Amino acid sequence: MAAQAHVPVLCWPNSPGVWTACLAEDPKSGVATAATADEALRQLTELLEWMRRKMYWSPTFDFEEPKLVWFKIEVRPQYQEEDRVYPCPEAIRLRLPGVCGQQANGASICSLPTLGLRFDFNAGQDLPVLVSHFVNNQLRELTPRQLVRHWPPAEVELRDLVVKTSAWLSNGHPPSIQEQCPQLAAVAETMTSGRDQAARFGQAWGRQALVDQLLSRLTREKASVILVGEAGVGKTTLLAEAARRLQRSSTAESGPANRVWLTNAARLIAGMKYLGQWEERCERIIDELGGFSGILGMENLLDLVQLGGQGPADSIAAFLLPYLQRSELRLVTEATPAELEACRRLLPGFADVFQILVVPPFDDSEAMDALGRVFESVGRNHHLDSDPEARALVYRLHQRFLPYHSFPGKTVAFVQRLGEEAARQKWTRITSRHVVEQFLHATGLPEVFLRDDLLLEFDEVVRFFRGRVLGQEAACQAAANVVTTFKAGLNDPQRPLGVLLFCGPTGVGKTALAGALADYFFGQGPSRERMVRLDMSEYSAPWSARRLLFGPDGGPSELIKKLRQQPLVVLLLDEIEKAAPEVFDLFLNVFDEGRLTDPLGRLTHFQSAVIIMTSNLGASRGGSLGFGPSAGPSYEAEAMNFFRPEFYNRIDAVVPFQPLGEEAILGITRKELGEISRREGLAKAGLRLAWDEPLVRHLAQTGFDPRFGARPLQRALEQEVITPLARFLLAQPSLQNATLHLAWRDERLQISLD
């Protein structure tokens with residue numbers, strides 16, 4: 001005899017001749033409307049039968065001993081105008097029907113079908129209070145006119161729907177996708193189920209012809225496909241759109257056919273410790289996919305060739321190759337052109353079993369049309385409008401400052417974040433000003449670069465760098481040249497923003513100027529860590545070039561990870577002359593084309609980076625040591641003699657740093673004393689510092705060494721100022737809001753209150 005399940009259903013009349021029937025267990029999904037209650041119940045029965053065949057949803061039928069309960073709830077409507085909320089003076093009393101019962105595990109359950117609410121509760125909890133909480137939480141922001149739409153019916157019926165479950169498991173549960181395909185569900189997810197997936201992949205705007213081509217190859221030709229295009233061009237979104245169309249075209253009788261499952265190579269072998277484990281898992285996944293003509297999507301082609309064994313010959317790709325050749329597995333994967341070539345080189349023949357579908361970049365008109373649709377979608381989701389100028393500005397900013405990111409990848413993500421920020425801030429319209437603020441927050445670029453109407457004077461930029469690095473006029477002007485060239489839009493978009501070689505003795509401000517450039521270019525965002533520093537003396541061994549590309553685990557190195565995560569940085573190559581010759585060869589293409597391609601075809605962009613090399617070449621030749629000007633060496637000649645011509649010719653400028661003069665040392669000393677005033681121990685107590693000139697001269701004389709420049713100044717400050725000042729403050733813990741005067745008398749520091 002066929003097994004049966006009893007499902008509680010609440011029925012009520014909406015108006016004469018219209019009845020609604022709603023599953024108590026799932027009041028949001030299981031709803032039917034018809035001329036009579038019996039007809040609505042028949043529709044629900046058909047719905048459950050259809051769900052059983054499709055197996056996209058697994059009703060639990062775990063609602064035992066249902067009973068009808070009426071709840072009296074008070075709801076206070078409200079009006080909202082702009083940013084102000086006006087609650088109604090009187091509350092409205094509602095009489096709501098509910099269905100209460102028990103689950104098989106003993107927990108209590110309550111459903112409010114007319115509002116689409118369902119929740120679990122403990123037997124000791126006050127049920128009317130819980131119902132009032134959930135109802136008010138759902139209806140609290142409605143006006144009286146809107147609240148009328150949720151007015152409860154005056155009469156309801158609790159009916160018992162009997163459903164056949166003979167095709168389901170013996171415990172009364174239908175076999176879910178996880179139960180049908182346990183291996184597949186453990187390492188992959190469908191691209192069509194749930195709102196999260198739809199939000200994750202978005203819509204393939206402007207790609208309908210490509211979607212049609214992909215669908216034709218997957219369905220009519222039963223082929224495996226490689227989507228080839230640059231990163232960010234929309235390959236995954238294209239596959240997701242094809243998966244959605246396959247889902248809509250499938251019939252109830254076909255079951256879960258043509259469902260596309262997405263995973264990656266790392267997930268396929270995750271947790272597999274012993275020989276043959278991941279191969280067994282892959283075989284089971286292929287069997288499960290074959291049971292419903294499933295398609296497996298892989299996020300990256302190259303990972304299949306790299307992972308699984310000691311090399312490409314025993315990789316995941318090599319294992320899957322026979323199944324692909326016999327058409328026992330349909331696979332859709334993605335690759336950039338460089339990654340595809342690397343795959344052909346590493347495992348010849350693997351790419352040949354796929355059909356290649358090239359995903360070209362958008363041209364400007366196509367991109368603007370697609371971007372307009374993205375703005376419309378975001379506007380509908382967050383109930384806001386946008387200015388046409390704001391849409392054009394988004395595209396222009398990304399093309400100007402992030403030209404290597406293919407549209408729509410980063411641009412669409414930016415618009416979505418902009419919409420989320422608008423919803424948080426309760427904006428009603430996205431303007432150009434909002435776009436600039438969000439782009440500034442994401443990139444760290446100052447507003448003067450993002451707006452053409454803001455002027456930037458060369459002298460103003462020079463003054464900024466003079467305030468950060470003292471006594472290096474030529475170096476400050478060279479840094480200002482990079483800034484103003486970038487502001488004018490005259491930098492080569494295919495090269496780094498600047499490739500500079502800072503030459504000079506140690507301790508004269510080379511690293512300080514690199515930090516100042518990082519702050520000026522990228523210091524406006526939330527993350528101010530925009531300088532990546534490499535000590536090139538650590539890359540002097542013959543294998544150092546590989547260390548720059550790969551980490552100990554074979555993955556990308558820390559440099560590559562940082563540049564891919566945040567390409568807007570200052571890259572400081574300290575003491576470049578100590579690097580191995582292979583390292584110089586590696587940077588040739590970086591300096592010339594602003595990009596670095598590793599042997600596996602993975603690309604890293606440097607077009608938004610300022611690359612600064614420091615060197616002591618020539619610093620020990622000629623010139624006097626100590627205070628005062630000197631003729632000094634020719635740093636440019638020294639660099640030309642040391643570096644190969646092809647390397648030297650890719651440097652934009654050789655920037656000489658001169659030995660520090662007396663006034664520069666005194667200025668640096670005053671600057672460092674000012675920095676002490678901002679330390680936490682003084683700032684928290686409201687204490688300020690003042691000092692006399694004898695102290696400044698003593699520290700400058702003590703803290704300057706002809707061989708090490710101004711670096712010993714920090715040690716002098718710690719010994720002569722910080723330590724005595726700390727003892728003074730510890731002896732007077734209650735000292736607040738005062739000015740401490742520092743004086744150098746009788747060969748020691750004297751501290752007094754002004």
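On a predicted model such as this, the values are computed, not experimentally measured, just so you know.
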Is the CE atom of Met640 crowded by more than 12 outside heavy atoms at less than 6.0 Å?
-> no
Which distance, rounded to the nearest 0.5 Å, do you find between the SG of Cys343 and the CG of Leu302?
-> 7.0 Å
Can Arg530 and Asp519 be counted as an ion pair, charged N to O under 4.0 angstrom?
-> no
Tell me whether the centres of the aromatic rings in Phe587 and Phe647 are closer together than 6.0 Å.
-> no
Arg495 (side chain) donor-acceptor with Arg650 (main chain) under 3.5 angstrom | yes
Residue pair Asp574 / Thr614, side-chain donor-acceptor N/O under 3.5 Å | yes
Can any side-chain N or O of Gln566 pair as donor or acceptor with the backbone N or O of Leu568 at less than 3.5 Å?
-> yes
Check: Phe439 main-chain N/O paired with Thr443 side-chain donor or acceptor under 3.5 Å | yes
With ring-ring contact (aromatic ring centres under 6.0 Å, His included) as the test, would you mind laying out the steps for Phe401 and Phe449 before giving the verdict?
-> CA-CA 10 Å; Phe401 298 105; Phe449 289 151; 7.3 Å; no
Could you tell me the separation between the CG atom of Leu617 and the CG atom of Asn641, rounded to the nearest 0.5 Å?
-> 9.5 Å
Starting at CD of Glu421, measure out to NE2 of His441 and round the result to the nearest 0.5 Å.
-> 7.5 Å
Could you tell me whether Asp535 and Lys578 have a side-chain N and a carboxylate O separated by less than 4.0 Å?
-> no
Is atom NZ of Lys487 surrounded by more than 12 heavy atoms (other residues, nucleotides or ligands) closer than 6.0 Å?
-> yes
Is the backbone N or O of Gln310 less than 3.5 Å from a side-chain atom of Asp314, with the two atoms forming a donor-acceptor pair by type?
-> yes
Distance in Å, Glu582 CD paired with Arg547 CZ, rounded so as to fall on 0.5 Å steps = 13.5 Å
What pair of heavy atoms forms the shortest contact from Val233 to Phe362, and how long is it?
-> O-CE1, 4.2 Å
Can you say whether the rings of Phe354 and Phe350 are parallel (under 30°), tilted (30 to 60°) or perpendicular (over 60°)?
-> perpendicular
Could Arg644 and Asp585 be called an ion pair, given the rule that one side-chain N must be under 4.0 Å from one carboxylate O?
-> yes
Starting from the C-alpha separation in whole Å, work towards a yes-or-no answer on side-chain contact (heavy atoms from CB on, under 4.5 Å) for Leu549 and Leu596.
-> CA-CA 9 Å; Leu549 294 175; Leu596 179 63; 3.5 Å; yes
NZ/NE/NH1/NH2 to OD/OE distance under 4.0 Å, Glu437 and Arg433 = yes
Cut-off 3.5 Å, side chains only: do Glu299 and Thr263 have a donor facing an acceptor?
-> no
State, without any angle test, whether Ser615 and Tyr635 hold a side-chain donor-acceptor pair at a distance under 3.5 Å.
-> no
Arg391 CZ to Met368 CE distance, which is reported to the nearest 0.5 Å = 8.5 Å
CD/Glu675: more than 12 non-hydrogen atoms of other groups inside 6.0 Å = yes
Can you establish whether the number of heavy atoms outside Arg564 located under 6.0 Å from its atom CZ is more than 12?
-> yes
Say whether, by atom type as modelled, one donor and one acceptor occur between the side chain of Asp369 and the main chain of Glu366 under 3.5 angstrom.
-> no
Counting only N and O atoms by type, is there a donor-acceptor contact under 3.5 Å from the side chain of Glu577 to the main-chain atoms of Phe642?
-> no
Have Gln494 and Tyr404 got a donor and an acceptor in their side chains that come within less than 3.5 Å?
-> no
Do Arg546 and Phe550 meet the cation-pi criteria used here (NZ or CZ under 6.0 Å from the six-membered ring centre, within 45° of the axis)?
-> yes
Please step through side-chain contact (heavy atoms from CB on, under 4.5 Å) for the pair Val378 and Leu418, ending with a clear verdict.
-> CA-CA 9 Å; Val378 171; Leu418 187 61; over 6 Å; no
Look at atom CZ of Arg595 and say whether more than 12 heavy atoms of other residues, nucleotides or ligands are closer to it than 6.0 Å.
-> no
Are any side-chain N or O atoms of Ser544 and backbone N or O atoms of Ala580, one a donor and one an acceptor, separated by less than 3.5 Å?
-> no
Between Phe502 and Val654, does a side-chain contact (heavy atoms from CB on, under 4.5 Å) hold up when you go through it step by step?
-> CA-CA 6 Å; Phe502 289 177; Val654 178; over 6 Å; no
Whether Lys235 side chain and Glu230 backbone form a donor-acceptor pair below 3.5 Å | yes
Where the side chain of Lys510 meets the backbone of Pro505, is there a donor-acceptor pair that is under 3.5 Å apart?
-> yes
Check whether the side chains of Glu420 and Gln416 place a donor and an acceptor atom closer than 3.5 Å, and report yes or no.
-> no
Side chain to side chain contact (heavy atoms under 4.5 Å, CB included) partner of Asn300, the single match among Glu339, Arg602, Glu334 | Glu339
Backbone of His398 reached by a side-chain donor or acceptor of Thr411 within 3.5 Å | no
